[in-house]
Amino acid sequence: MADRTEYDQFVVDRSARLLRVAYLLTGDWAAAEDLLQTALVKVWFAWPRVRGDAEAYVRRTIVNTYLSWRRRRWTGEIPQAVPERVEAADRVTQYVERDALWRMLAELPRR
């Protein structure tokens, strides 16, 4: 199956079925489309080596890609129901405290 036109025809013929497989894994159509697209890119590079049932090979690639996505460390944000309230610092208090500190330091001997 080394012919790229065969790959193009395979994608046209089987994309709907493969998208359903990806949806069963992700539970989200947008994520399923991303998963399928990523898997098809991987298969495109490996297409000359694909022998036998190409659909089974692509399904396995979809599953492996999905599992590698799941293993990745997630560093996204976690939405909160109510944002935490952060109190703003009072600038006047800061200036008064800093001024008092400088006055106390000025009273110390030079050594």
Exercise. Apply ring pair (Phe, Tyr, Trp, His ring centres under 6.0 Å) to Tyr23 and list each qualifying residue two or more places apart in sequence or on a separate chain.
Key: Trp29
Quiz item: Is there a path from Met104 to Trp102 through hydrophobic residues (I, L, V, M, F, W, Y) whose side chains come within less than 4.5 Å of each other?
Solution: no
Quiz prompt | Residues that, via side-chain heavy atoms closer than 4.5 angstrom, fall in one hydrophobic cluster with Leu24 | solution = none
Quiz prompt | Interatomic spacing from CG in Asp28 to CD in Glu33 - rounded to 0.5 Å | solution = 9.0 Å
Quiz prompt | Shared hydrophobic cluster, Phe45 / Tyr7 (ILVMFWY, side-chain heavy atoms < 4.5 Å) | solution = yes
Self-check item: Cluster check Leu18, Val12: I/L/V/M/F/W/Y, side chain < 4.5 angstrom
Solution: no
Quiz item: Of all residues at least two apart in sequence or in a different chain, which pass the side-chain hydrogen bond (donor to acceptor under 3.5 Å, both in side chains) check with Thr5?
Solution: Asp3
Quiz item: What residues, two or more places apart in sequence or in another chain, satisfy salt bridge (charged side-chain N to carboxylate O under 4.0 Å, His left out) together with Arg103?
Solution: Asp99
Exercise. Kindly write out the residues that satisfy side chain to side chain contact (heavy atoms under 4.5 Å, CB included) with Leu108, not counting sequence neighbours, or none if the list is empty.
Key: Leu105
Could you go through residues 58-66 and list every donor-acceptor pair under 3.5 Å that involves a side-chain atom there, pairing it with any protein atom two or more places apart or in another chain?
unit_1	atom_1	unit_2	atom_2	d
Arg59	NH2	Glu55	OE2	3.0
Arg60	NE	Asn64	OD1	3.4
Arg60	NH2	Asn64	OD1	3.1
Thr61	OG1	Tyr57	O	2.9
Asn64	ND2	Arg60	O	3.4
Thr65	OG1	Lys42	NZ	3.2
Thr65	OG1	Thr61	O	2.7
Tyr66	OH	Leu25	O	3.1
Tyr66	OH	Arg70	NH1	3.0

Self-check item: Distance-minimising heavy-atom pair for Trp69 and Thr38
Solution: CZ2-OG1, 3.5 Å
